[in-house]
Trainee: 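This is the structure I have questions about; it appears just below.
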Amino acid sequence: MSRPSILVARAVFPETLDRLGQYFDVEANPDDTVWSKSQLIEKLQGKAGAFTAGSDRIDTDVLAACPQLKIVANMAVGFNNFDLDAMTAAGVLGTNAPDVLTETTADFGFALLMATARRVTESEHFLRAGKWTKWSYDMFAGAEVHGSTLGILGMGRIGQGIARRGAHGFGMNVIYHNRSQLSPDLEAACKARYVSKEELLKTADHLVLVLPYSASSHHAIGGAELALMKPTACLVNIARGGIVDDAALAVALRERRIAAAGLDVFEGEPTVYPDLLTVPNVVLTPHIASATVPTRRAMADLAADNLIGYLTQGKALTPLNPQVMAG
Ligand code: GLV
């Protein structure tokens, strides 16, 4: 029997390709080119499966042009690159890579919070530029972290990981807003209190965004929301670009309507809204929250397991539209 063909749409660990090669005819992308939609469609011809990153959009055009496709496995927990309804209608399974990155991503959320509050990159640039000539009492004085109020918007697994770090490690007062309130047990584990979005915005000293991107979370933080925040507050986004209105944020930072921001994700990334590159009170990182080698390996392994499980036994570990698997 001939083996299924799959496409690995972005560069990945050689071990992952070797493992997939035990089950499939694999077309890889060793140069790590980010293909256009028409290139992706061309590469997907005759493929039963695809291993994707968040940059590969799977939409109605791709699905209509690739009728042999059965599964798309994302090496990411977020899956806003999938039109999941269209995939379900086309009978294509989508999978993501949850859980394996939770703690690593929460670590990074905290790292970005600390770097933002304590002005780590801004002060490093100052030092590297040879501007450090003397100590002074208020040089790079930042925001307090321990004992302050940590606000979390989006209280899934990663949000809870950040809450635990804040409450137990830094004695922070944790408040959160989410589509639904956590169970009393989970709230107790995170020492977190549910509040309205308005109270969250008005009260948080550090506001961390960890909610999924969708049409309903587009610009969840725009000019009006930023105006509710304290002028001393710091904003951290490790969720998705598009959740923050980057243009409104750049204005708020420049006019010091909030103190600082830490951003790992951007609207239209890898392009960054130009004004964000010129304001000093923002820490910018290139979408690396899950980037440790063990975690990236675990994400790649999970995406590979989903492809192998589904195309060889009809079962994936982390299906997003399990009705396709059942059908
Ligand atoms: C990264 O952003 C992910 O969704 O895994």
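Counting convention: from 1, in listed order, for ligands and their atoms alike. None of these values were measured; they are calculated from a predicted model.
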Trainee: Please report whether ligand 1 has a polar contact with M75, defined as an N or O pair separated by less than 3.5 Å (distance criterion only).
Mentor: no

Trainee: Using 4.0 Å as the upper bound for N to carboxylate O, is an ion pair formed by R240 and E269?
Mentor: no

Trainee: Looking only at protein heavy atoms, which one is nearest to atom 1 (C) of ligand 1, and what is the separation?
Mentor: H287 NE2, 3.4 Å

Trainee: Quick check: F140 with F126 (ring centres under 6.0 Å apart)?
Mentor: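 Distance test on ring centres: under 6.0 Å, yes.
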
Trainee: If Ile, Leu, Val, Met, Phe, Trp and Tyr residues are connected whenever their side-chain heavy atoms lie under 4.5 Å apart, and connections chain through other members, are Y23 and V26 in the same group?
Mentor: yes

Trainee: Would you mind checking if E198 and K202 are paired as a salt bridge, meaning a charged N to carboxylate O distance below 4.0 Å?
Mentor: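 A salt bridge is present here (some side-chain N lies under 4.0 Å from a carboxylate O).
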
Trainee: If you measure every N or O of R240 against every N or O of ligand 1, does any of those distances drop under 3.5 Å?
Mentor: yes

Trainee: Can you confirm, on distance only, whether ligand 1 has an N/O atom lying under 3.5 Å from any N/O atom belonging to V77?
Mentor: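 Yes.
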
Trainee: Which of the numbered atoms in ligand 1 are under 4.0 angstrom from any heavy atom belonging to L101?
Mentor: 5 (O)

Trainee: Between CG of L209 and CG of N237, what distance do you get to the nearest 0.5 Å?
Mentor: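 These two atoms lie 4.5 Å from each other.
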
